[in-house]
Protein chains: 2
Amino acid sequence: MTAESAVETLSHPAPDTARDLVERAIDRGAMVTLFGACTVEYQGRAASSLGLGDRHVTLKPDGTALVHTDEGQQPVNWQPPGCDHSVTVAGASLVILSERTTPDEELEIAFETVAHAAAFDVSDPEELAVTGTEADLKERILETPDLVEPGFTPLATERETPAGAVDVYGEDAAGRTVVVELKRRRVGPDAVGQLNRYVDALRRDLHAETEVRGVLVAPSVTDRARQLLAEKGLEFVSLAPP
Amino acid sequence: MTAESAVETLSHPAPDTARDLVERAIDRGAMVTLFGACTVEYQGRAASSLGLGDRHVTLKPDGTALVHTDEGQQPVNWQPPGCDHSVTVAGASLVILSERTTPDEELEIAFETVAHAAAFDVSDPEELAVTGTEADLKERILETPDLVEPGFTPLATERETPAGAVDVYGEDAAGRTVVVELKRRRVGPDAVGQLNRYVDALRRDLHAETEVRGVLVAPSVTDRARQLLAEKGLEFVSLAPP
DNA sequence: GCATCGATTTCGTCT
DNA sequence: AGACGAAGTCGATGC
């Protein structure tokens with residue numbers, strides 16, 4: 001990150017010229033972008049094929065590959081971090097190959113035409129700071145347990161059960177065990193199923209005479225989720241992250 | 001998508017020059033990319049702040065915004081399709097603002113330095129064709145129901161229950177109701193919870209004397225998922241998408 | 001518009 | 001490496 005960051009660009013380069021730039025950029029750990037008409041083939045956990053069209057391709061120094069069309073937030077094709085990228089010229093085409101193992105996956109991008117190629121030297125020392133997450137909601141409850149209900153006492157977070165870890169584990173004013181499942185946003189049936197699994201597991205694990213309550217804490221619930229809560233004898237408390 | 005796709009680029013432009021290019025590109029429905037040192041602020045469903053660093057920014061004609069660092073497949077910040085993008089100059093900075101309503105969300109990218117700016121005219125007539133999905137697994141079972149078990153007869157797909165839609169609904173050789181939940185890959189406790197919700201719901205809905213079996217079809221299960229299946233009296237059949 | 005669920009989910013954390 | 005659950009998840013479908 002400098003006032004004059006190192007940038008190398010080519011407009012409508014010949015395949016050989018583009019290959020040289022991409023090869024050098026990958027070698028020195030730069031970020032590469034390509035734009036042009038290409039086809040994309042993927043094989044791995046699934047398989048896909050994409051006919052000729054204009055796309056924007058990004059190769060990151062960590063081994064990520066992204067193929068973006070003009071629509072959508074998600075790339076139309078991609079490869080996760082840790083892949084090996086290589087570039088070759090096949091006839092008049094520039095071919096990008098991105099591969100990895102465990103699982104075996106391969107992404108091939110064949111540019112019939114490269115309209116633009118660029119290499120960027122990237123320096124990014126900063127970490128993203130996010131608020132409004134489930135972790136923030138948990139802290140809020142640990143600071144003010146009464147928000148769950150008067151007399152609630154947290155005893156542990158991430159307490160392990162045979163069905164997984166409970167977000168907040170505690171007891172109510174009457175000494176009954178309380179399992180709290182937190183969600184940062186409006187919840188559906190899946191969250192009720194999750195809470196129910198934990199309550200079930202603890203009822204099995206703890207002594208038979210121990211009463212176990214399950215409380216779902218979230219900003220709101222859907223109708224179906226509320227129905228499922230009622231059927232399972234579980235409770236809901238409306239609360240959002242700070 | 002032409003042999004000479006329209007591409008406009010600037011290296012180390014002045015803020016005003018970059019603003020003009022970005023503004024014109026947005027107006028004509030082109031894809032915009034920017035690279036340089038910037039800060040990013042987000043407020044909406046959550047909130048985040050990102051200090052100064054080199055990033056690659058993409059603005060798509062459908063209103064998507066993406067901010068990528070040198071690491072990770074996911075953008076460090078973003079805005080989904082449907083947002084309004086605007087560009088202004090504030091002092092020496094180029095500021096990109098991306099906004100939407102329902103929910104109210106705002107992303108502000110302030111470039112201290114623009115190392116590169118580009119506008120791409122995109123034409124992409126092709127649709128992605130994917131195989132190896134859950135839908136492919138479903139088709140496989142409908143074609144050859146014996147893969148679930150000899151004598152299995154599918155009666156409906158996406159059959160509605162009070163707990164959600166069942167992937168494949170049918171009956172076994174003895175006439176018992178069978179609920180099949182499909183997963184394209186190895187499954188954990190969540191899938192068992194899902195299947196259990198459907199089975200529970202149907203046992204309530206159907207007459208008391210009707211026996212309901214639940215079968216999870218996936219390539220494999222985790223130990224915990226297998227344990228939960230056993231506790232709930234549910235079954236597992238190993239099968240992968242074609 | 002909301003609800004539900006799949007996804008080549010990705011990502012972080014912990015075992 | 002695998003398991004488990006969160007995510008500003010996104011995206012597709014149905015109501």
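Here is how names work: the chains are called A, B, and so on, in the same order as the sequence lines, proteins then strands, and each is numbered from 1. Just so you know, these numbers come straight off a predicted model, no measurement behind them.
At a threshold of 4.0 angstrom between heavy atoms, the contacts of B/Ala225 with the nucleic acid are absent. B/Ala191 comes within contact range of no nucleotide atom at all, as no heavy-atom separation falls under 4.0 Å. A/Gly44 comes within 4.0 angstrom of nothing in the nucleic acid, heavy atoms only. Residue-level contact check: A/Pro189 touches the backbone only, with heavy atoms under 4.0 Å from sugar-phosphate atoms and none from bases.
C/dC14 and D/dG8 have their C1' atoms separated by 25 Å, given to the nearest Å. Going from the P atom of C/dT8 to that of C/dT4 covers 23 Å, rounded to whole Å.
Looking at residues two or more places apart in sequence or on another chain, you find a side-chain hydrogen bond (donor to acceptor under 3.5 Å, both in side chains) between A/Asp200 and B/Lys232.
Between the side chains of B/Glu105 and B/Tyr42, at least one donor-acceptor pair of N or O atoms lies under 3.5 Å.
Taking 4.0 Å as the cutoff to heavy atoms of chain B, we find the contact window on DNA chain C bounded by C/dG1 to C/dC11.
Annotation for A/Glu112: atom CD does not count as buried by contact number, only 12 or fewer foreign heavy atoms lying within 6.0 Å.
Counting only heavy atoms from C-beta outward, the side chains of B/Phe111 and B/Leu34 approach each other to under 4.5 Å. Residues B/Val178 and B/Val215 meet the side-chain proximity criterion, which asks for heavy atoms closer than 4.5 Å.
Between A/Gly51 and B/Glu126 the shortest heavy-atom distance is C-CG, 3.4 Å. In terms of heavy-atom proximity, A/Gln79 sits nearest to A/Leu107 at NE2-N, 3.5 Å. Across A/Thr161 and A/Gly164, no two heavy atoms sit closer than the pair OG1-O, 2.7 Å.
If you find the closest nucleotide of DNA chain C to A/Gly188 and to B/Thr102, the one lying nearer the 5' end belongs to B/Thr102.
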**Prompt:** Which letters describe nucleotides 6-15 of chain D, given B = protein heavy atom under 4.0 Å from base, S = only from sugar-phosphate, - = neither?
**Reply:** SSBBSS----
